[in-house]
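Shown next, in structure tokens, is the structure this report addresses.
Order of the sequence lines sets the chain letters (A, B, ...), proteins ahead of strands, with each chain counted from 1. Values below: every heavy atom of this structure, side chains too, minus hydrogens, waters and symmetry copies.
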Amino acid sequence: MLRLYDTATSDVRDFVPLRDGEASLYVCGLTVQSEPHVGHVRSAVNFDVLQRWLRYRGYRVTFIRNLTDIDDKILIKSAEQGRDWYNLAYEMHRQLDRAYADLNVARPTYEPIATGHIPEMIELISELVERGHAYPAADGSGDVYFDVRSWPAYGELSHQGIEDMEAAADADPRGKRDPRDFALWKGWKQDSEPATAAWPSPWGRGRPGWHIECSAMAGKYLGPAFDIHGGGLDLRFPHHENEQAQARAAGRPFASYWMHNAWITTSGEKMSKSLGNSLLIPAVLERFRGIELRYYLVAAHYRSHVEFSFEALAEAATGFGRLESFLERAADVLGEIPAGGEPNDVFVAALDDDLGTPAAMAAIHDLVREGNRLLPEGAGAELRRVAGSVRAMLAILGLDPADPAWGPGTGGDEKLTAAVDVLVRGLLDQRAAARAAKDWASADAIRDQIQAAGIEIEDTPDGPKWSI
RNA sequence: GGUGGGUUGGCCGAGAGGCGAGGCAACGGACUGCAAAUCCGUGUACACGGGUUCAAAUCCCGUACCCACCUCCA
């Protein structure tokens with residue numbers, strides 16, 4: 001039985017989907033305003049693991065992960081950079097896709113984009129106005145606000161009372177009835193905003209407020225009620241609170257479970273505040289492989305804060321190398337690691353318990369130790385079973401080294417590998433000769449020389465092997 | 001002011017009343033000409049002060065420090 005932590009109820013609950021055998025999932029993706037960093041990607045990886053686990057558990061999964069391509073920041077940044085807002089959003093969108101691909105984040109069922117769903121948003125806003133939960137601003141700005149006071153349940157998701165909330169510092173009262181009312185629609189500011197960022201609506205030209213898009217798109221693709229809504233912890237309030245208020249005020253039950261992933265911090269601070277270029281995905285991938293970064297992210301529980309450091313990432317990479325080298329050696333012995341292996345019970349129980357990836361990882365390491373013990377005995381049913389199981393478990397976490405998603409093997413270019421092999425073989429033959437003559441000094445000198453080139457030598461019963 | 005989270009061994013990171021998750025590093029042993037890899041073994045860890053209990057890292061009370069959200073944010 002899968003159990004998940006639900007932010008709304010603050011506890012771990014059995015996962016009971018609305019429709020038997022199906023799971024519908026909506027995750028807030030990014031606002032494409034700047035390059036993706038490690039923190040952004042953590043969220044994607046966490047929910048990717050959820051998606052994969054639900055699939056493994058036999059659910060037919062509909063997974064919607066949106067993208068916000070219009071908002072204040074995109075307009076401001078693009079203006080600063082002297083280019084069109086949609087050009088900036090498009091470029092960042094492509095960079096994000098690239099980062100997802102580099103980390104083997106599986107594609108969702110669909111990735112709707114905010115500007116492609118203006119009619120759905122207008123429809124929802126109209127409904128809210130009709131029901132008396134929203135009103136056009138009295139100041140003629142063309143804004144439309146959600147009336148927080150008209151919805152007594154407001155604050156239920158983040159467990160806050162309206163009265164206890166600090167009024168927004170920028171609470172430029174404008175045409176708001178209550179400072180906590182939030183914008184569903186923003187009237188076009190002709191003097192400062194491009195005409196391309198304004199769409200026609202019953203309230204005049206303008207653009208959507210931030211929260212409405214998710215309610216509208218979730219409704220379109222998943223229906224008025226769906227199973228799980230996810231996102232980063234900071235979205236809990238106001239974004240998710242507002243999404244839920246809008247949807248429910250319009251008579252839609254909305255999400256049954258709310259899941260939020262925790263932060264990656266650097267020097268104890270949230271990444272967005274202390275972001276250096278070194279933490280952007282392309283920069284990290286210059287130093288580590290995508291699969292190593294993914295291992296690092298998956299090894300921590302999704303609700304735990306992670307203090308990012310390259311030292312910890314390096315340790316993780318070493319730890320992953322242990323798993324990978326077992327699989328490589330097992331493949332040498334078995335010819336091939338069988339696909340379609342089964343994860344063991346410990347692993348299954350771990351992931352069923354609110355996606356306990358740390359315990360799941362421990363299960364893999366334990367099994368690898370068992371496999372390493374079996375290795376000297378050569379090919380056997382037991383080794384086959386263990387290796388297949390290890391591979392299956394890694395695959396569920398999106399960490400199967402043999403997954404073509406990781407691109408060509410770590411050896412890189414085949415021609416290059418063949419060329420290096422010839423050269424290294426030559427040296428290894430010389431070393432073998434020296435060893436046969438018990439000329440240890442020469443033998444070790446050759447090994448040192450090869451290692452200095454970044455190539456590791458491993459002496460096995462079948463003779464020496466090299467790897468980069 | 002309100003809401004939520006954290007503080008675990010040299011390090012990273014799980015767990016959530018009784019049996020020391022796992023990884024990295026270290027040390028000892030096996031293997032090796034020596035290494036590497038692998039295997040076996042080695043650690044009296046739970047911020048502090050009280051309390052509850054036969055038993056507390058885990059529950060309760062208090063203290064300290066850190067962080068997040070309440071404003072755009074994965």
Side-chain angles (χ1 to χ4, degrees), chain A residues 7 10 27-31 33-34 36-47 68 71-74 76 155 158-171 180 182 210 230-239 241 260-265 268-273 275 295-296 299-307 309 311-323 325-326 329 346 350 353 356-366 368-376 434-435 438-441 443-444 447-448 451 456-461 464-465 467:
Chain A
T7 303
S10 308
V27 170
C28 289
L30 295 191
T31 297
Q33 46 137 342
S34 57
H37 63 240
V38 176
H40 295 136
V41 146
R42 176 187 193 186
S43 181
V45 166
N46 286 155
F47 287 106
T68 302
D71 87 320
D72 293 353
K73 274 214 169 147
I74 292 176
I76 292 166
S158 51
H159 310 112
Q160 304 182 88
I162 288 191
E163 305 302 338
D164 295 327
M165 290 182 201
E166 246 175 31
D170 70 340
R180 279 150 290 220
F182 55 90
W210 176 35
L233 199 52
D234 55 348
L235 297 181
R236 201 161 89 261
F237 191 94
H239 186 53
E241 186 73 66
H260 292 100
N261 65 278
W263 297 123
I264 290 196
T265 56
E269 287 198 340
K270 198 172 148 182
M271 200 161 269
S272 59
K273 278 186 187 162
L275 181 59
Y295 175 89
Y296 175 61
H301 188 84
Y302 77 92
R303 283 194 287 120
S304 293
H305 293 224
V306 169
E307 169 70 14
S309 73
E311 291 72 25
L313 177 51
E315 266 188 19
T318 307
F320 179 71
R322 209 179 126 74
L323 308 181
S325 73
F326 163 69
R329 271 173 295 168
V346 179
D353 183 13
T357 51
M361 213 65 100
I364 298 178
H365 276 282
D366 285 341
V368 162
R369 186 176 307 109
E370 192 184 329
N372 276 326
R373 243 182 266 131
L374 293 167
L375 227 31
R435 291 181 74 198
K438 296 203 193 299
D439 178 2
W440 310 125
D444 290 350
R447 186 172 61 198
D448 291 346
Q451 280 177 347
E456 287 304 316
I457 300 302
E458 188 187 342
D459 288 327
T460 75
K465 288 207 160 105
S467 59

Base-pairing assignment for [N] (Watson-Crick or G-U wobble, both under 3.5 Å):
N	answer
B:C31	none
B:A26	B:U42
B:G4	B:C67
B:A37	none
B:A16	none

Starting at [atom1] of [X] and ending at [atom2] of [N], how long is that distance when rounded to a whole Å?
X	N	atom1	atom2	value
A:Arg373	B:U38	CZ	P	13 Å
A:Lys465	B:U38	NZ	P	14 Å
A:Ile76	B:U71	CD1	P	17 Å
A:His365	B:C39	NE2	C1'	16 Å
A:Trp440	B:C34	CH2	P	9 Å
A:Tyr296	B:C24	OH	C1'	13 Å
A:Ile457	B:U32	CD1	C1'	15 Å

For A:Ser43 and A:Glu307, take the nucleotide of RNA chain B holding the closest heavy atom to each; which residue's nucleotide lies nearer the 5' end?
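By nearest-heavy-atom nucleotide position, the 5'-most residue is A:Glu307.
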Specify the residue among A:Ser158 and A:Trp263 whose closest nucleotide of RNA chain B lies further upstream toward the 5′ end.
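The answer here is A:Ser158.
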Are any of A:Arg236's side-chain N or O atoms less than 4.0 Å away from OP1 or OP2 of B:G5?
no
Identify whether any heavy atom of [X] sits under 4.0 Å from a base atom; if not, whether one sits that close to sugar-phosphate; answer base, sugar-phosphate or nothing.
X	value
A:Arg303	nothing
A:Ser309	nothing
A:Ala363	nothing
A:Asp234	base
A:His301	sugar-phosphate
A:Ile264	base
A:Lys438	nothing
A:Arg42	nothing
A:Gly39	base
A:His159	sugar-phosphate
A:Gly356	nothing
A:Glu311	nothing

Test item: [X] and [Y] side chains (from C-beta on) under 4.5 Å apart, heavy atoms:
X	Y	result
A:Arg369	A:Asn372	no
A:Asn46	A:Arg42	yes
A:His37	A:Ile264	no
A:Tyr302	A:Val45	no

Any donor-acceptor pair under 3.5 Å from A:Gln33 side chain to A:Ile74 backbone
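No; zero donor-acceptor contacts below 3.5 Å.
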So A:Gln160 and A:Ser158, side-chain hydrogen bond (donor to acceptor under 3.5 Å, both in side chains) or not? Walk me through it.
CA-CA 6 Å; A:Gln160 304 182 88; A:Ser158 51; 2.9 Å; yes
Please evaluate the base of [N] for a donor-acceptor partner in the side chain of [X] within a cut-off of under 3.5 Å?
X	N	answer
A:Arg329	B:A37	no
A:Asp366	B:A21	no
A:Arg447	B:C34	yes
A:Arg435	B:G33	yes

If I pick the C1' atom on B:C39 and the same atom on B:U32, what distance separates them, to the nearest angstrom?
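Nearest-Å result for B:U32 against B:C39 at atom C1': 14 Å.
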B:G17 and B:C60, which share atom name C1', separated by this distance in whole Å
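That atom pair is separated by 13 Å.
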Ring-plane angle category for A:Tyr295 and A:His365, please: parallel below 30°, perpendicular beyond 60°, tilted otherwise.
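The rings of A:Tyr295 and A:His365 stand perpendicular, inter-plane angle above 60°.
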Nearest of B:C11, B:C39, B:A74 to any side-chain atom of A:His40?
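So the side chain of A:His40 is nearest to B:A74.
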Nearest to the A:Ala312 side chain among B:G13, B:U3, B:C12, which nucleotide is it?
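For the A:Ala312 side chain, the nearest candidate turns out to be B:C12.
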Evaluation steps, side-chain hydrogen bond (donor to acceptor under 3.5 Å, both in side chains), between A:Ser325 and A:Arg329
CA-CA 6 Å; A:Ser325 73; A:Arg329 271 173 295 168; 3.1 Å; yes
